[in-house]
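Contents: one structure, followed by commentary.
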2 protein chains.
Amino acid sequence: MIEKLLKSKKLRRTPFRKEVLGVFLNEPNAISVTDIEARLKQFDRITLYRTIKSFIENGLIHEIVMPGDIKKLALCPDECSSVNHVHTTQHMHFRCRMCENIFCLNLHEFPEINIPRFKVDSIEIQGTGICNICL
Amino acid sequence: MIEKLLKSKKLRRTPFRKEVLGVFLNEPNAISVTDIEARLKQFDRITLYRTIKSFIENGLIHEIVMPGDIKKLALCPDECSSVNHVHTTQHMHFRCRMCENIFCLNLHEFPEINIPRFKVDSIEIQGTGICNICL
DNA sequence: TCATTTATGCAACAATGTTGCGTTTTTGTT
DNA sequence: AACAAAAACGCAACATTGTTGCATAAATGA
Ligand SMILES: [Mn+2]
Ligand SMILES: [Mn+2]
Ligand SMILES: [Zn+2]
Ligand SMILES: [Zn+2]
């Protein structure tokens with residue numbers, strides 16, 4: 001699984017990358033850099049940042065930012081690649097204000113946004129509230 | 001105008017706050033901290049950060065974050081207050097990938113998002129593409 | 001004008017992320 | 001299996017962004 005994923009994105013399969021990707025595959029929701037660090041036995045901070053950057057650039061993971069200095073990372077759907085991340089028109093992000101988890105959620109119908117005289121390439125939707133577990 | 005705005009949010013009208021608020025009132029779009037700094041003759045960095053924080057907390061301005069370490073600030077609509085920022089269900093944010101400006105745009109109809117078994121309190125919508133000026 | 005409350009300015013610190021560079025590892029090819 | 005080229009790693013140093021504590025100054029209401 002891990003090997004196959006890295007290979008499909010044409011990324012070299014180093015021990016560290018496999019370990020980091022393993023962390024993502026083990027997490028149901030989006031995670032922060034600190035979360036990743038906590039799940040690694042030992043690591044080099046710089047290498048981790050470069051790993052994350054290359055994962056993002058190659059369509060393996062995507063970044064989620066929300067007001068209040070919240071920055072998280074989550075696995076991409078298969079269709080993402082180095083040329084485009086296709087979350088737009090696919091899924092939205094939801095932050096639960098009780099458990100503070102951030103979910104990637106697939107919407108049954110993704111709203112269409114038209115802005116007069118603007119050309120809209122992509123849309124990101126972020127919600128806050130209470131998740132199904134905390135409710 | 002500036003005085004009235006500060007007073008309406010019950011903020012003390014210091015010279016520095018008036019100057020910073022003036023910067024926002026002179027800008028059509030969202031601006032970064034660096035943008036603000038560039039428009040001030042002289043300033044103390046710490047005071048600026050505290051000024052921004054108090055403006056946000058009191059519903060004068062709001063923060064806009066987008067993937068790629070983009071963080072900007074923009075004036076709030078009048079209705080915002082310390083208790084709630086009401087942009088959700090009011091306007092969206094759009095980043096033009098040509099001019100890199102970030103616009104606050106009022107949508108004619110703001111989409112309603114329902115997530116089964118989740119309680120949705122607020123929604124933020126962010127678009128990217130090309131603005132009316134660059135088109 | 002005065003007392004109280006709040007804001008300012010400086011120093012020090014903290015968190016997060018980047019760049020340069022020599023060494024090591026991966027990979028595709030002999 | 002051995003080799004050469006390309007890419008990734010790990011360390012040091014640095015950069016950017018934001019915060020906290022505290023003494024001083026300014027704003028406000030009385
Ligand atoms: Mn997602
Ligand atoms: Mn806005
Ligand atoms: Zn929750
Ligand atoms: Zn534009």
Side-chain angles (χ1 to χ4, degrees), chain A residues 2-24 30-73 82 100 102, chain B residues 2-24 30-73 82 100 102:
Chain A
I2 291 178
E3 299 261 344
K4 192 152 60 174
L5 254 178
L6 287 170
K7 197 165 192 177
S8 76
K9 306 295 183 181
K10 295 196 178 62
L11 285 167
R12 293 195 174 189
R13 280 143 281 156
T14 70
F16 188 67
R17 286 185 175 171
K18 289 185 222 169
E19 193 182 358
V20 173
L21 185 50
V23 170
F24 279 102
I31 52 179
S32 67
V33 175
T34 313
D35 292 334
I36 301 172
E37 289 179 341
R39 282 158 187 73
L40 297 171
K41 354 185 191 315
Q42 60 152 104
F43 63 95
D44 177 76
R45 242 167 41 84
I46 292 97
T47 305
L48 177 55
Y49 276 112
R50 285 199 266 233
T51 300
I52 289 169
K53 184 169 282 187
S54 99
F55 281 7
I56 292 174
E57 284 170 354
N58 289 278
L60 258 180
I61 62 175
H62 61 284
E63 199 184 348
I64 304 160
V65 288
M66 295 205 180
D69 291 310
I70 294 168
K71 186 179 289 193
K72 301 233 179 177
L73 303 158
S82 51
E100 285 299 328
I102 292 191
Chain B
I2 291 178
E3 299 261 345
K4 192 153 61 173
L5 253 178
L6 287 169
K7 196 163 194 179
S8 76
K9 306 294 182 179
K10 296 196 177 63
L11 285 167
R12 288 193 178 194
R13 281 142 283 157
T14 69
F16 188 68
R17 285 184 177 169
K18 290 185 222 169
E19 193 182 359
V20 173
L21 185 50
V23 171
F24 279 101
I31 53 178
S32 66
V33 175
T34 313
D35 293 333
I36 301 171
E37 288 179 342
R39 282 158 187 73
L40 297 171
K41 354 184 191 311
Q42 61 151 103
F43 63 95
D44 176 76
R45 244 167 39 83
I46 292 98
T47 305
L48 178 55
Y49 277 112
R50 286 198 266 233
T51 300
I52 289 169
K53 185 169 281 185
S54 98
F55 281 6
I56 292 175
E57 285 170 353
N58 290 278
L60 257 180
I61 63 176
H62 61 284
E63 197 184 350
I64 303 160
V65 289
M66 295 204 181
D69 291 310
I70 296 168
K71 186 179 287 193
K72 301 233 179 178
L73 303 158
S82 50
E100 286 299 328
I102 292 191

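Chain A is the first sequence line, chain B the second, and so forth, proteins listed ahead of strands; every chain is numbered from 1.
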For B:Ser32, all residues meeting side-chain hydrogen bond (donor to acceptor under 3.5 Å, both in side chains), sequence neighbours excluded: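 Testing B:Ser32 for side-chain hydrogen bond (donor to acceptor under 3.5 Å, both in side chains), a comparison that skips the adjacent residues, returns B:Asp35.
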By side-chain hydrogen bond (donor to acceptor under 3.5 Å, both in side chains) - contacts of B:Arg39 (at least two apart):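 Testing B:Arg39 for side-chain hydrogen bond (donor to acceptor under 3.5 Å, both in side chains), a comparison that skips the adjacent residues, returns B:Glu27.
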Describe, as an angle rounded to 10 degrees, how the axis at the first end of the helix from C:dT1-D:dA30 to C:dT30-D:dA1 is tilted relative to the axis at the last end, five pairs per end.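 Helix axis angle between the two ends: 40°.
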Do the side chains of A:Lys10 and A:Asn58 get nearer than 4.5 Å, heavy atoms only?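 Answer no - side chains too far apart.
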Which part of the nucleic acid, if any, lies within contact of A:Lys10, taking any heavy atom under 4.0 Å across all strands shown: a base, the sugar-phosphate backbone alone, or nothing?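 The residue A:Lys10 makes no contact with any strand.
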Name the atoms and distances for all side-chain donor-acceptor pairs under 3.5 Å in residues 47-56 of chain A, with sequence neighbours left out.
| unit_1 | atom_1 | unit_2 | atom_2 | d |
| --- | --- | --- | --- | --- |
| A:Thr47 | OG1 | A:Asp44 | OD2 | 3.0 |
| A:Thr51 | OG1 | A:Thr47 | O | 2.7 |
| A:Ser54 | OG | A:Thr51 | O | 3.4 |

Set of salt bridge (Lys or Arg N to Asp or Glu O under 4.0 Å) partners for [X], sequence neighbours left out:
{"X": "A:Glu37", "value": "none"}
{"X": "B:Lys4", "value": "none"}
{"X": "B:Lys72", "value": "none"}

Over all heavy atoms of both residues, which pair between A:Val65 and B:Pro67 is shortest? Give the atoms and the distance, please.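 So the two residues come closest at CG2-N, 3.3 Å.
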Looking only at heavy atoms, which two atoms of B:Glu19 and B:Lys41 are closest? And how far apart?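 Closest heavy-atom pair between B:Glu19 and B:Lys41: OE2-NZ, 3.5 Å.
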Please enumerate all residues that pass side chain to side chain contact (heavy atoms under 4.5 Å, CB included) together with B:Lys18, with sequence neighbours excluded.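 Once residues adjacent in sequence are excluded, the partners of B:Lys18 under the side chain to side chain contact (heavy atoms under 4.5 Å, CB included) criterion are B:Ile2, B:Glu3, B:Leu6, B:Arg13.
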Nucleotide range of DNA chain D contacted by chain B, 5' to 3', under 4.0 Å to a heavy atom?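 Range of nucleotides touched by chain B: D:dT17 to D:dT28.
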Nearest 0.5 angstrom please: B:Leu73 CG to B:Leu60 CG, how far?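 The CG atom of B:Leu73 sits 11.5 Å away from the CG atom of B:Leu60.
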Measure the CD1-CD1 distance between A:Ile64 and A:Ile102 for me, rounded to the nearest 0.5 Å.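 The CD1 atom of A:Ile64 sits 6.0 Å away from the CD1 atom of A:Ile102.
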For DNA chain D, determine which residues of residues 13-23 of chain A have any heavy atom closer than 4.0 angstrom to one of its atoms, and list them numerically.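 DNA chain D contact set from residues 13-23 of chain A: A:Thr14, A:Phe16, A:Arg17.
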Would you jot down, in residue-number order, the residues of residues 32-46 of chain B having a non-hydrogen atom under 4.0 Å from DNA chain C?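 Going residue by residue through residues 32-46 of chain B, the ones with a heavy atom under 4.0 Å of DNA chain C turn out to be B:Asp44, B:Ile46.
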Opening and closing nucleotides of DNA chain C in contact with chain B, under 4.0 Å to non-hydrogen atoms: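 Here the contact window of chain B covers C:dT5 to C:dA11.
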